[in-house]
Amino acid sequence: MKIMLVEDNDAIIMGLEYLLTQEGYQVYTARTAAEARQYSERESCDLVLLDIGLPDGNGFALCRKIKEEYRIPVIFLTAREEEADVVKGLDLGAEDYVIKPFRNRELISRIRSVLRRSGKGSVLLRCRDILLNTETGKVKKGEEEIPLTRLEYKILLSMMSWPGRLFTREEILADIWDVSGNFVNDNTLSVTMKRLREKLGDSDAQIIRTVRGMGYRMEK
Ligand code: CA
């Protein structure tokens, strides 16, 4: 998956290039709207991360062009004071927006969700005999459907999106908080993980591994 990052702030560029590459995305950075236009004319990409305040204009005109001509999903990266403008961005067809400074996990989770919604992410995730369908939100173990709570589903979805990757408790908590809008404490997380394992028939923690003192890891 290729992401075009349109941003003029060096610190943000450095951080995002590192983060996105770590997550397996190819990144092309444009520092101006003109550069982004030139790039879009010769290359395709799967998603655009678009800053609103650019040296040669704002990101809105660029967003309009990207949507009209290339139909690529757009996520606005916006400063707090530009939040009111975001409605305008969404009216132009942008899929989502993230307020700077953002948490890395939050951004990655939004990118994945936008890619999934636009049909670019995988719909069926599999780990061992567990199958998760991101379109229907259904989880199966073998042939049997496993009813999950929203919280359990959200955690499983994150972990199944990156099998083998360590998810720290802090990361999981940050992710959950983003979705439900409610604060979830550490104890609730432990209880939820226990229930999730029970439902998945994983009471001996062979599928969702505990990494002591760190967090959890889904077996590949
Ligand atoms: Ca800027």
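Whatever order the structure lists ligands and atoms in, that order sets their numbers, starting from 1. All residue numbers in this chain count up from 1 along the given sequence. Bear in mind that the values here come from a model prediction, so they are computed numbers and not experimental data.
- In this structure, Arg217 is not positioned above the aromatic face of Trp162 in the sense of NZ or CZ being under 6.0 Å from the six-membered ring centre and within 45° of the axis.
- Leu148 places a side-chain heavy atom less than 4.5 Å from the side chain of Leu196.
- For the pair Arg42 and Tyr39, the cation does not sit on the ring face, since its NZ or CZ is not both under 6.0 Å from the ring centre and inside 45° of the axis.
- Counting only protein atoms, the N, O or S atoms lying less than 3.0 Å from the Ca ion (ligand 1) are Asp8 OD1, Asp51 OD2, Gly53 O, ordered by chain and residue number.
- With ring centers used as reference points, Phe76 lies under 6.0 Å from Phe60.
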### Message
Is there a salt bridge (Lys or Arg N to Asp or Glu O under 4.0 Å) between Lys2 and Glu43? Walk through the geometry before answering.
### Response
CA-CA 10 Å; Lys2 207 191 281 179; Glu43 298 272 348; 3.1 Å; yes
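- Using a 4.5 Å heavy-atom threshold, the side chains of Ile111 and Arg116 count as separate.
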